[in-house]
2 protein chains.
Amino acid sequence: MKWWGWGQEGVAFHHHDKPGLAPFAYRMAGIDFNAPPVQVPDLAELDVPASQAPDGLRSALVEAVGAEHVHDDDLTRVVHTYGKSMRDLVRIRRGDFGRVPDLVVYPVDEAQVEAVLRTGLDSDAVLIPFGGGSNIVGSLEAPRDESRPVVSVDLGRMRSVIEVDETSQTARIQAGALGPDLEAQLNARGWTIGHFPDSFKHSTLGGWIATRSSGMQSDRFGDIADITRAVRVVTPKGVVATRAVPVQSAGPSVREMVLGSEGRLGVITEALVQVHRLAEERVILAYFFPDYGSGLRAMHDVAASDAAPSITRVSDAMETQFTMATAKKGSRLSALMSKGVKVYAEKRKGIDLDKMCLSFIGYEGSKEHVARTKRLVGEIVKKHGGFGVGSGPGTLYDQKKFDTPYIRDFILDRGAYGDVSETSSSWATLEVLHDNVVAAANKAFAEQGTQGFVFCHLSHSYHSGACQYFTFAFQPPAEGDGLAVYDAVKHAIQQAFIDNGGTLSHHHAVGREHKPWVGDDLSSAGAQIVSALFQGVDPGRNLNPGAIVD
Amino acid sequence: MKWWGWGQEGVAFHHHDKPGLAPFAYRMAGIDFNAPPVQVPDLAELDVPASQAPDGLRSALVEAVGAEHVHDDDLTRVVHTYGKSMRDLVRIRRGDFGRVPDLVVYPVDEAQVEAVLRTGLDSDAVLIPFGGGSNIVGSLEAPRDESRPVVSVDLGRMRSVIEVDETSQTARIQAGALGPDLEAQLNARGWTIGHFPDSFKHSTLGGWIATRSSGMQSDRFGDIADITRAVRVVTPKGVVATRAVPVQSAGPSVREMVLGSEGRLGVITEALVQVHRLAEERVILAYFFPDYGSGLRAMHDVAASDAAPSITRVSDAMETQFTMATAKKGSRLSALMSKGVKVYAEKRKGIDLDKMCLSFIGYEGSKEHVARTKRLVGEIVKKHGGFGVGSGPGTLYDQKKFDTPYIRDFILDRGAYGDVSETSSSWATLEVLHDNVVAAANKAFAEQGTQGFVFCHLSHSYHSGACQYFTFAFQPPAEGDGLAVYDAVKHAIQQAFIDNGGTLSHHHAVGREHKPWVGDDLSSAGAQIVSALFQGVDPGRNLNPGAIVD
């Protein structure tokens with residue numbers, strides 16, 4: 001894993017086969033794709049704070065997991081210092097390491113996790129569970145001024161699908177399994193978990209649960225909160241093991257306390273998740289709508305109908321233009337904006353091409369289910385002035401869906417900043433929230449004296465509302481701190497979520513980044529209840545004390 | 001409301017138009033339907049403990065809600081002492097009142113609830129929220145030895161549908177609204193909540209949330225935990241108001257802590273719930289299966305298919321015989337066991353009539369959805385050796401579904417005991433769990449020297465399992481304490497749930513009745529986490545301190 005960016009060493013984004021992208025970025029935000037990349041510093045030249053682990057703690061952890069699974073080299077410690085947010089990458093490249101963990105331990109099973117936790121509590125150390133390290137809201141970092149020893153507990157050795165119950169359609173899976181790991185093990189037996197977040201390749205089951213993740217096929221398979229039916233967690237009170245049943249009426253849901261707990265209650269070691277037979281048919285179709293509002297109304301009507309697609313997604317006009325700009329020359333995506341399509345949209349449908357919005361709808365299941373759902377969705381699309389443009393672009397979207405974070409690293413290498421932030425809100429609020437978030441971001445860009453752009457798509461539809469996922473990028477002024485500009489823009493967007501009926505996050509969690517809005521989101525009393533829960537379970541604040549609430 | 005039984009004064013069960021029922025009850029459990037009913041005592045002749053409310057508390061509550069909404073008469077206090085479990089009815093008829101509330105208050109809005117809570121905490125009183133009073137697991141009673149003043153907080157004046165958001169398909173409803181109350185208000189605008197527990201007529205939205213209720217159409221509309229998207233709760237930390245959004249990634253779910261909290265975190269005042277347009281078509285069809293196992297396997301296959309019925313229900317052979325015994329002479333239900341059906345089942349399908357099991361499947365939605373789902377279900381039924389017998393019995397079931405509790409009162413009047421207990425477990429465990437629970441109950445009957453019967457149906461299917469709902473009845477020995485026999489039988493059933501992979505309750509909650517199994521259900525550490533939550537929010541144990549965990 002790169003210590004300074006997303007994903008594996010050697011994998012990177014390039015734009016030379018996408019002729020529309022550099023002009024788009026330059027026009028919208030003054031980002032120069034052809035600027036020479038900033039050289040990433042050599043870690044050896046940076047001043048990594050030394051490990052402060054007391055000998056007693058180290059030897060107790062060696063006792064717990066074995067000497068070869070207790071690491072304190074700089075690279076390992078730096079990789080475990082932050083997640084992969086924009087802020088994280090900027091800080092780490094600057095050598096602003098904050099509170100680097102003193103030790104990184106790799107337990108192999110639940111008994112070792114218990115030993116690690118006991119050791120940590122006995123030594124008054126801080127323990128931070130670590131899965132794939134892809135978090136983008138600051139869930140993985142110790143408080144900067146933490147004076148106690150800090151131990152990162154990496155679940156990377158616990159990656160097995162333990163058991164598939166084919167009758168009950170569930171699987172027991174270890175928390176450290178990365179997406180591709182567990183999906184390959186399930187696929188081999190004919191099953192899928194149906195959970196594919198953008199971070200899929202670099203995130204784990206335990207991380208999904210700890211942050212309330214959502215995958216792009218959530219319309220069919222549910223969010224991780226729905227998929228997860230039982231959890232095992234090593235806590236200061238002992239091993240919490242909720243019962244492997246579909247539904248319980250046994251008091252407040254312990255399972256739902258663990259979901260989203262970001263390590264503050266303990267270390268998730270295993271979960272029982274719903275699995276599904278691999279579908280007979282799977283296809284993603286593309287559609288165009290006259291504008292974003294008509295696209296939103298169509299998604300609403302799909303959610304209120306008998307249709308049950310696996311993906312509902314509609315981009316606003318700006319994101320549509322961005323997506324078209326990422327088209328490779330001669331690709332099926334570029335063919336979407338062929339003269340024929342343009343003429344059809346303008347002349348036959350009376351659509352203003354500048355407002356036109358691209359939508360992807362996914363279908364998955366039996367051939368009959370897919371055919372019926374396509375028909376029902378097709379009728380709704382038509383009612384809202386939209387039209388279908390086939391399966392080509394959807395196939396491409398499906399292939400490229402995990403690549404977006406690499407673009408962010410690419411522009412950061414050119415001195416520009418980009419990030420994402422997402423919310424959910426009720427159907428009635430979606431369009432106004434969208435417009436006000438875009439206005440708030442643009443106002444922030446202007447106030448910061450920078451040029452930037454923001455765009456959005458709806459994804460993840462529910463009975464009562466949907467998620468809107470915003471992406472923004474800007475070229476900071478030559479003078480001044482880009483991170484301060486970022487803070488201002490990000491703050492404006494988050495505040496606009498809250499002011500317009502949205503939640504602080506639909507599926508990226510709270511971490512440190514979103515803590516200022518927890519009281520708005522849960523109400524002050526609700527936030528106090530969460531604090532009381534953490535205080536009761538972990539009175540010494542040894543478990544990831546920087547996350548969620550103070 | 002009857003102080004000594006289920007439902008309204010003047011409504012009762014009678015059996016004279018159901019010629020098969022009395023012989024069934026006598027044959028199976030020696031229950032004599034024609035025995036003269038026990039006279040329910042006159043409340044005035046019973047020794048109701050006097051209210052011990054201190055004057056200061058009383059006057060502060062009068063200040064909070066008005067003098068006419070603070071009651072301390074015996075009847076009101078007795079009605080608020082227990083719920084409506086078998087144990088409750090036996091005790092109350094015996095004059096075994098336990099700890100009768102000293103005062104019953106009726107706040108009209110959230111501000112009054114806040115004033116009541118503040119007053120209660122300031123006076124170190126115990127506060128127990130009260131909705132419809134239909135709870136059957138002991139959620140409503142104060143500890144017998146409670147020395148502090150006890151106040152029952154009746155939400156009966158807070159029963160409005162405040163707002164329907166037609167775009168977002170949600171409604172804001174006050175917690176004290178009874179099922180028929182809120183459903184009538186929603187129906188008038190063309191909507192339904194889709195939540196119909198057996199207790200529907202006598203239970204409230206707040207009660208459903210506080211106990212994690214499930215309604216008979218849960219397959220389509222979800223359990224109350226799914227239906228409820230946001231809650232407002234008056235707690236010692238202030239008013240908790242979770243955000244009105246479909247999904248949050250904002251830490252552990254406060255909404256899911258309130259669900260099932262049985263008053264231990266505070267008083268639920270309002271919820272935002274999902275609502276649905278009244279369906280174009282609604283029908284319940286009846287089927288027969290060769291035996292319970294084939295019925296269970298068919299329900300599994302329905303859950304794993306694209307079919308989406310609103311109700312899945314299959315009775316075991318004993319419950320099937322009971323249901324047939326409740327048929328009115330010449331009714332459509334009795335026609336089910338016509339000679340033609342019997343001959344068809346035996347000769348054409350090779351079914352042993354003693355093992356044959358009745359199933360109801362509900363369909364609700366557009367005409368097209370209903371037709372398609374019927375077809376898909378029909379194919380699955382056939383595959384498992386079953387056959388359809390039309391819509392008549394289902395219509396009857398639909399009309400009579402809320403009447404069962406009256407039968408329990410009827411047999412109690414004849415000195416016999418009956419009750420229900422339900423669990424959920426994974427598909428793989430259902431049949432073994434069923435057989436072992438039946439065996440455990442029969443063993444307990446034998447050990448107690450009593451004759452009894454137990455039967456069961458599956459209802460509420462999920463992706464990974466289903467609920468099984470057991471009903472048992474017995475005639476206690478002439479000598480000895482019927483309640484002690486009841487305890488032994490009920491304990492045997494609950495223990496068999498846990499020993500066979502089930503939860504302590506699918507939708508009736510913990511109360512006091514199921515507390516012994518909380519540690520098994522949530523694990524000891526999980527139960528401690530729940531305790532820590534309650535302790536943190538309510539350190540004085542003023543809020544319904546007898547419920548869920550000690």
Side-chain angles (χ1 to χ4, degrees), chain A residues 165 167-170 211-212 223 229 235 237-254 256-257 260-261 274 306 365-366 369 424-428 462-465 503-510 518 521-526 528-530 532-533 535-537 548, chain B residues 165 167-170 211-212 223 229 235 237-254 256-257 260-261 274 306 365-366 369 424-428 462-465 503-510 518 521-526 528-530 532-533 535-537 548:
Chain A
D165 177 343
T167 304
S168 307
Q169 308 187 107
T170 53
T211 57
R212 297 186 168 269
D223 298 321
R229 298 327 301 166
T235 80
K237 304 279 187 190
V239 178
V240 170
T242 68
R243 213 152 177 84
V245 294
V247 161
Q248 287 166 299
S249 175
S253 173
V254 172
E256 285 271 6
M257 296 181 208
S261 59
Q274 296 183 172
D306 284 335
S366 69
H369 167 83
S424 84
S425 67
S426 68
W427 288 111
Y462 304 88
H463 181 78
S464 62
T503 175
L504 61 82
S505 171
H506 169 262
H507 61 261
H508 285 153
V510 181
V518 168
D521 210 288
L522 304 178
S523 71
S524 166
Q528 287 179 63
I529 284 184
V530 173
L533 171 69
Q535 176 69 25
V537 175
I548 308 179
Chain B
D165 177 342
T167 304
S168 307
Q169 308 186 107
T170 53
T211 57
R212 296 185 168 270
D223 298 320
R229 298 327 301 167
T235 80
K237 304 279 187 190
V239 178
V240 170
T242 67
R243 214 153 178 85
V245 295
V247 162
Q248 288 166 299
S249 174
S253 173
V254 172
E256 286 270 5
M257 294 181 209
S261 59
Q274 296 183 172
D306 283 335
S366 68
H369 166 84
S424 84
S425 67
S426 67
W427 288 112
Y462 304 88
H463 182 78
S464 62
T503 174
L504 60 83
S505 172
H506 170 262
H507 62 261
H508 284 153
V510 181
V518 168
D521 210 288
L522 303 178
S523 70
S524 165
Q528 287 179 62
I529 283 184
V530 173
L533 171 69
Q535 177 68 24
V537 174
I548 307 179

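Order of the sequence lines fixes the chain letters, A, B, ..., with proteins taken first and strands second; residue numbering starts at 1 for each chain.
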Heavy-atom proximity to chain A below 4.5 Å, by part of B:Gln535:
neither

Say you draw a straight line from CZ of B:Arg243 to OG1 of A:Thr503; how long is it, rounded to the nearest 0.5 Å?
7.0 Å

Distance check, rounded to the nearest 0.5 Å: B:Ser261 atom OG versus B:Arg212 atom CZ?
9.0 Å

Can you say whether B:Leu522 sits under 4.5 Å from chain A via the side chain, the backbone, both, or neither, judging by heavy atoms?
both

Residue, of B:Val518, B:Ile548, B:Val530, B:Val247, that accumulates the most heavy atom pairs under 4.5 Å with chain A:
B:Val247

Can you tell me which portion of B:His508 sits under 4.5 Å from chain A's heavy atoms? Options are side chain, backbone, both or neither.
backbone

Is it the side chain or the backbone of A:Gln169 that comes within 4.5 Å of chain B heavy atoms, both, or neither?
both

So which of A:Ser424, A:Ala532, A:Ser425, A:Gly536 has the largest heavy-atom pair count under 4.5 angstrom toward chain B?
A:Ser424

To the nearest 0.5 Å, how far apart are OG in A:Ser253 and CD in A:Gln248?
7.0 Å

Looking only at A:Gly238, A:Gly251, A:Gly526, most heavy-atom pairs under 4.5 Å shared with chain B are made by A:Gly251

Which atom of B:Ser168 lies closest to which atom of A:Ser426, heavy atoms considered:
OG-CB, 3.2 Å

Main-chain N/O of B:Ala428 paired with A:Thr167 side-chain donor or acceptor, under 3.5 Å
no

Might you point out which heavy atoms bring A:Pro246 and A:Arg229 nearest each other, and give the distance in Å?
O-NH2, 2.9 Å

Over all heavy atoms of both residues, which pair between B:Ala509 and B:Ser505 is shortest? Give the atoms and the distance, please.
N-OG, 3.2 Å

Here the pair of heavy atoms bringing A:Tyr462 nearest to A:Trp427 is O-NE1, 3.1 Å

Please report the interatomic distance CD(B:Gln528) to NZ(A:Lys237), rounded to the nearest 0.5 Å.
5.5 Å

Between B:Ser249, B:Gly260, B:Ala244, B:Gly365, which has the largest tally of heavy atom pairs under 4.5 Å with chain A?
B:Ser249

Report which part of A:His506 has an atom under 4.5 Å of a heavy atom belonging to chain B: side chain, backbone, both, or neither.
both

Among B:Leu504, B:Leu533, B:Asp306, B:Thr235, residue most engaged with chain A (heavy-atom pairs, under 4.5 Å):
B:Asp306

What part of B:Asp165 is in contact with chain A, defined as an atom under 4.5 angstrom from a non-hydrogen atom: side chain, backbone, both or neither?
side chain

Looking at B:Thr211, B:Asp521, B:Thr242, which one has more heavy-atom pairs under 4.5 Å with chain A than the rest?
B:Asp521

Scored by heavy-atom pairs under 4.5 Å with chain B, the best of A:Ala250, A:Gly465, A:Ser366, A:Ser524 is A:Ala250

Interchain contact, B:Ile529 with chain A, by part (heavy-atom threshold 4.5 Å):
both

